[in-house]
Amino acid sequence: MATMTAAERRLEAKAAFDSYMDACPTHDVLGVIGSKWTSMVLFQLTQGPRRYADLARALPGVSAKMLTQTLRSLERDGFVARSVTPSVPVQVEYALTLLGERLVPLLASVRHFAEHSIAEIRAARDRYDAAAD
């Protein structure tokens with residue numbers, strides 16, 4: 001049995017941790033909902049199905065590229081359904097799926113926590129930064 005160096009043990013431990021993180025459902029979901037625009041798009045869709053242009057108007061800070069990427073990601077993960085109405089021009093609507101509807105209350109809780117705790121969080125940051133200087 002060969003002995004391992006400390007560097008080899010760290011490398012092996014890192015590989016095991018990375019493998020765990022790749023399979024971790026919490027890490028996976030937090031990666032989705034941690035996206036800047038995800039919660040805003042989902043909250044807009046709580047009002048009912050919306051067309052792309054309606055979402056773009058409701059979220060003036062989002063670029064067309066970012067809105068498209070966010071909607072595609074949410075559709076891929078099953079939080080949003082995309083429906084196409086064959087007309088001229090083609091109409092595309094986005095709506096929450098049941099999975100998306102189940103996610104919204106969790107995001108609302110996070111938003112509530114953030115709105116009620118941000119002053120305390122910022123004060124803690126200021127204290128930490130002052131002590132670090």
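Atoms considered below: every heavy atom in the structure, side chains included; atoms not considered: hydrogens, waters and symmetry mates.
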Colleague: Give the minimum heavy-atom separation between M4 and R9, together with the two atoms involved.
Modeller: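 The answer is O-NH1, 2.6 Å.
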Colleague: If two hydrophobic side chains count as joined below 4.5 Å and joins carry through other members, does L67 share a cluster with V90?
Modeller: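 As far as the 4.5 Å side-chain criterion goes, V90 and L67 are connected within one cluster.
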Colleague: Please say whether more than 12 non-hydrogen atoms of neighbouring residues, nucleotides or ligands are located less than 6.0 Å from CD in E120.
Modeller: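 12 or below, so no.
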Colleague: Of all residues at least two apart in sequence or in a different chain, which pass the side-chain hydrogen bond (donor to acceptor under 3.5 Å, both in side chains) check with S63?
Modeller: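 S63 satisfies side-chain hydrogen bond (donor to acceptor under 3.5 Å, both in side chains) with no residue once adjacent residues are dropped.
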Colleague: Starting at CD of E8, measure out to CZ of R10 and round the result to the nearest 0.5 Å.
Modeller: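 If we round to the nearest 0.5 Å, E8:CD and R10:CZ are 10.5 Å apart.
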Colleague: Any chain of hydrophobic side-chain contacts (each under 4.5 Å) joining L42 to F113?
Modeller: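 Hydrophobic grouping puts L42 apart from F113.
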Colleague: State whether the side chain of T38 and the backbone N or O of G34 hold a donor-acceptor pair below 3.5 Å, judged by distance alone.
Modeller: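 The answer is no, because no donor-acceptor pair under 3.5 Å joins these two groups.
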Colleague: For M66, is there any backbone N or O sitting under 3.5 Å from a side-chain donor or acceptor partner on T70?
Modeller: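 Present.
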Colleague: Decide yes or no for L45 and L55: does some side-chain heavy atom of the first lie under 4.5 Å from some side-chain heavy atom of the second?
Modeller: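 Touching, per the 4.5 Å side-chain cut-off.
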Colleague: Please report the interatomic distance CZ(F43) to CG(L59), rounded to the nearest 0.5 Å.
Modeller: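 The distance works out to 12.0 Å.
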Colleague: I'd like to know whether Q69 forms a side-chain contact (heavy atoms from CB on, under 4.5 Å) with K65, so could you lay out the CA-CA distance, the side-chain angles of the two residues, the decisive distance to 0.1 Å, and finally the verdict.
Modeller: CA-CA 6 Å; Q69 286 178 350; K65 177 183 175 185; 3.2 Å; yes
Colleague: Is there a continuous path of hydrophobic side-chain contacts, each under 4.5 Å between heavy atoms, that joins V84 to Y52?
Modeller: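 Yes: a chain of side-chain contacts under 4.5 Å links V84 to Y52.
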Colleague: To the nearest 0.5 Å, tell me how far T97 OG1 sits from F79 CZ.
Modeller: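 Output value for this atom pair is 7.5 Å.
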Colleague: Out of curiosity, L106 CG to I33 CD1, how far, rounded to the nearest 0.5 Å?
Modeller: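 Between L106 CG and I33 CD1, I get 7.0 Å after rounding to 0.5 Å.
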Colleague: Roughly how far, to the nearest 0.5 Å, is CD1 of I121 from NE2 of H116?
Modeller: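 Here the interatomic distance stands at 12.5 Å.
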Colleague: Tell me if a side-chain donor or acceptor on T68 pairs with a main-chain N or O of A64 at a distance below 3.5 Å.
Modeller: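 Checked: pair present.
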Colleague: Under the criterion side-chain contact (heavy atoms from CB on, under 4.5 Å), which of V41, V80, L74 is the partner of Y94?
Modeller: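 So, applying the side-chain contact (heavy atoms from CB on, under 4.5 Å) to Y94 and each of V41, V80, L74, only V80 qualifies.
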Colleague: Kindly state each residue pair satisfying salt bridge (Lys or Arg N to Asp or Glu O under 4.0 Å) with at least one member in residues 81-106, sequence neighbours excluded.
Modeller: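 Listed once each, the pairs would be none.
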Colleague: Going by the salt bridge (Lys or Arg N to Asp or Glu O under 4.0 Å) test, which pairs reach into residues 50-59, not counting sequence neighbours?
Modeller: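 Matches after skipping sequence neighbours: D54-R57.
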Colleague: Return the CD to OG distance between Q44 and S39, rounded to the nearest 0.5 Å.
Modeller: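 The distance works out to 10.5 Å.
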Colleague: Counting N and O atoms only, with roles assigned by atom type, does the side chain of S35 sit under 3.5 Å from a partner on the main chain of V32, one being a donor and the other an acceptor?
Modeller: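 Here the side-chain-to-backbone pair does not exist.
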